[in-house]
Amino acid sequence: MADIAKIKQRITKLRELLNYHNYRYYVLDSPEISDAEYDELMRELKQLEEAHPELITLDSPTQRVGAAPVEAFGVVEHPQPLLSLANAFSDEELDAWYRRASNLLGSRKTDFVCELKIDGLAVALAYVNGLLEVGATRGDGLRGENITQNLRTIKSIPLSVPKEAPPRFEVRGEVYLPKAGFKKLNEERAKDGLPLFANPRNAAAGSVRQLDPRITAQRPLDIFVYGLGWAEGKAIPDTHWEIMQYLKSLGFKVNPIIALCHTMDEVKDYYAKWVENQDALPYDADGVVVKINPIPFQVELGYVGREPRWAIAYKFPAVQGTTRLLEIGINVGRTGSLNPYALLEPVQVGGVTIKHAALHNEEDIHRKDIRIGDWVVIQRAGEVIPEIVEPIVSRRSGKEKVFHMPKTCPVCGAEVIKPEGEAMHRCTNAGCPAQALERIKHFVSRGAMDIEGVGEKMSQALFNAKLVEDVGDIYSLKEKREQLLNMEKLADKSVANILNSIEKSKNRPLPRVIFALGIPNIGEETAGLLAEHYTSLDDLSGATQEKLQEIPSIGPKIADSIVAFFRQQQNKKIIEKLRKAGVRLEAKKVEAKKLPLAGVEFVITGRLDAFPRQEAEARVKALGGKAGSDVTRKTNYLVVGEDPGSKLDRAQALGTKTLNEAEFLELLKKSEGKLK
Ligand code: JCF
């Protein structure tokens, strides 16, 4: 056996390597090694730590996966309060802010730092002797919640800092969810009948304030650091600009879109540029923060109440419009929830035609006092579904109607109930055709069984033709070839393709199968958790409420939902159909790093003939590969379709290998062959 000193040495080395590569990947966005190599280092470290748990340290990269859940967050007192910012909504208000500041500064000239105001959640990170000790929310500015365990899961937050850092200091930043991550999260939640997050800010806050850090760990949260709270035991630079460079040198992620401006005209140019380009950012920004650069000036200027005189948020104009609410429509979801939505007189808001807006539930409609026929103010923000801000009460004619949820299901006519403590109304008929159809759409969808060629329209057609009445019927379609050919006059080849992708879906991993069943309240995250504890569907279907609740983060509501689902006769029949058809209902043990394309990164540019880009990317990922959006040094292949963009120039500049569509397809086929 190797002696303990050697093991310690190796563990230290592995941690250094992993921390370094983590920094290259998550902070600099410029990795030096492949994912497979990274995984291999991590695996070795995990093994050593498992064998020697006494050697685990808090800053070990293995400790980012999410600790055990807590009952409630502790309270953290902020040694220096976390401030908010005063807002300016026009050049005049910005000028007024500057005038007040320069009055106090007299004849001394100042410069400014401009940065984007990220729409996220402010946090304070305290480091003691090189280690992240406490991470907290802003709370009321004086006292926040201790969310250290959750913040540790965010890979761009350093768990330790170099020796040169002050012995004690606090960094402040904004934790946020990129637009793409937000969209994906909400799509998943919509499929599961879970309430949607209204915007990325709420989604980030909800993710960070999870009592179970393992849920936080699954959300693609990121951070931009925007300042130093306090520091002890070391001299720090005396301008905000230099402090930001200093924080960057300590390994913190500073938004590269930060500018040192010498005049107010430069500040206004910066603002104008980002008002114009905000949609192109991969995250939501709601304005520009302007700060007086020299720290001595900041100290002199001080505060008014909770707001500093030395900084201001110059907000981007909200994209609002007014229109009429023509009607309130209702969709019946997969779990029977009645989801109201607004039908609007079409209106242009910020260059986009808006016809629909989200209405969450009856209570929400009444709380805002929205009536059918009202003139309403609507607001659009980035990727988010437009929202009704408020009715314009002064424009009412008296003919507007108060909305009430129907007493019966608009699709099947069954009784509608509103369960105690829930916001949503529900159709009580488990056999409601709307629910049945939604369940089929969910089952075939991308995050679930991912049956290529069977999308929403095809699901609807199969359902209307009574060829598929529940998800179990999908796998007997091959016995109904004739009817398929008749239906919608499908070509021989399309039928063959559909049947082929149905066959392929039989081999999906267990978490997807659990998710695809559409058990109320079970999203992708929970399905993943369940598959960690149960190795087959039979295993899961036999679990009791008590047993299920032993899994941290599974509460009585989810446990109930699972038990009730497997108890239903109809669902038992469906599962039997799946089993008979040969759908794999057990876990398979193929480690991700053994997949044929593990560690290989593709970027696709231009149009492909064979399938949409998303689908190509999904296939790459299913094979263990990565699909990137930008060509970087870590890109292995650029796939070049028709009308390629500037990515091709970049690939040529970097010497990245390129594949045409045919070469790409061949590589996919060969790799998929290796899976069998
Ligand atoms: O990005 C932000 N939301 C942000 C918030 C950026 C800043 O520079 C801030 C802030 C809140 C307070 N600065 C202060 C002083």
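Just follow the structure's listing: the first ligand is 1, and inside any ligand the first atom is 1. Since the structure is predicted, the reported quantities are computational estimates derived from the model, not experimental observations.
- By the side chain to side chain donor-acceptor pair (under 3.5 Å) test, Lys647 pairs with no residue at all, sequence neighbours left out.
- A cation-pi arrangement is present between Arg108 and Phe297, with the terminal nitrogen or guanidinium carbon under 6.0 Å from the aromatic centre and inside a 45° cone about the axis.
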Side-chain donor-acceptor distances from residues 120-138 under 3.5 Å, at least two apart:
residue: Tyr127; atom: OH; partner: Pro158; partner atom: O; Å: 2.6
residue: Thr137; atom: OG1; partner: Glu145; partner atom: N; Å: 2.9
residue: Arg138; atom: NH1; partner: Leu83; partner atom: O; Å: 2.3

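- Cation-pi contact between Arg189 and Phe197: present, with separation from the ring centre below 6.0 Å and deviation from the ring axis of at most 45°.
- Among protein residues, Leu83, Leu85, Glu115, Leu116, Lys117, Ile118, Glu174, Tyr226, Val289, Lys291, Trp310 come within 4.0 Å of ligand 1, judged on heavy atoms.
- Tyr20 is listed as a side-chain neighbour of Glu32, based on a closest heavy-atom distance under 4.5 Å.
- For residues 215-235, the ring-ring contact (aromatic ring centres under 6.0 Å, His included) pairs, not counting sequence neighbours, are Tyr176-Phe224, Phe224-Tyr283.
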